[in-house]
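Before any comments, here is the structure.
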Amino acid sequence: MCLALALFVVATAAWAPSLLAQTTTQEESGRKLIATVKPEYPAALQHAQIGGLVRLSATVLPNGTVSKVQIRGGNPVLAESAVTAVMKWRYAPGPAVTNEEVTVKFTPR
């Protein structure tokens, strides 16, 4: 029990600064999303009713293309599909490289 609590505190402390930095960067950038690609939802996972959220950080170049995507949390089984889709997204051009916080939702039907 104490070990679990200690791990939670360490994980939360490590995550909080990066989460704050991403939010600040996104608010400052004001980058508008102009084109998205829907992530591929593996049929086996959808059939098994496995869904959830994947939180990502996308590095966007001045021309609006996504150059890198980092997984920040969520369902690890769905993360690869989310990353592949977000790499194809396009944002409005901007004056500099920005980091955009992205959440991809997978909902089984």
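No experiment lies behind these values; they were computed from the predicted model shown. All residue numbers in this chain count up from 1 along the given sequence.
In the hydrophobic cluster analysis, where Ile, Leu, Val, Met, Phe, Trp and Tyr join through side-chain heavy atoms closer than 4.5 angstrom, Ile71 is grouped together with Val60. Hydrophobic clustering (side-chain heavy atoms under 4.5 Å, transitive across Ile, Leu, Val, Met, Phe, Trp, Tyr) groups Val54 together with Leu33.
Side-chain N/O atoms of Ser57 and Asn99 include no donor and acceptor closer than 3.5 Å. Side-chain atoms of Thr103 and Glu101 include no donor-acceptor pair closer than 3.5 Å.
Nearest heavy atoms, Leu78 versus Gly52: CD1-N, 4.0 Å. Closest non-hydrogen pair, Gly74 versus Arg55, comes out as N-NH2, 3.7 Å. Of all the heavy atoms in Val97 and Pro62, the pair that sits closest is CG2-CD, 3.7 Å.
Thr59 has its side chain out of reach of Val69: every pair of non-hydrogen atoms, C-beta onward, lies at least 4.5 Å apart. Side-chain contact between Trp89 and Val102: present, with at least one pair of heavy atoms (C-beta onward) separated by less than 4.5 Å.
Leu61 CG to Tyr91 OH: the interatomic distance, rounded to the nearest 0.5 Å, is 12.0 Å. The distance from atom NZ of Lys105 to atom CG of Leu53, rounded to the nearest 0.5 Å, is 7.0 Å. Here CD of Gln70 is found 10.0 Å from CG of Leu56. Values are rounded to the nearest 0.5 Å.
Under a 3.5 Å cut-off, the side chain of Arg31 and the backbone N or O of Ala92 do form a donor-acceptor pair. Formation of a donor-acceptor pair under 3.5 Å by the Thr84 side chain with backbone atoms of Glu80 is found in this model.
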Pair up each side-chain donor or acceptor in residues 36-43 with any protein partner under 3.5 Å, not counting sequence neighbours, and list the distances.
residue, atom, partner, partner atom, Å
Tyr41, OH, Ile50, O, 2.5

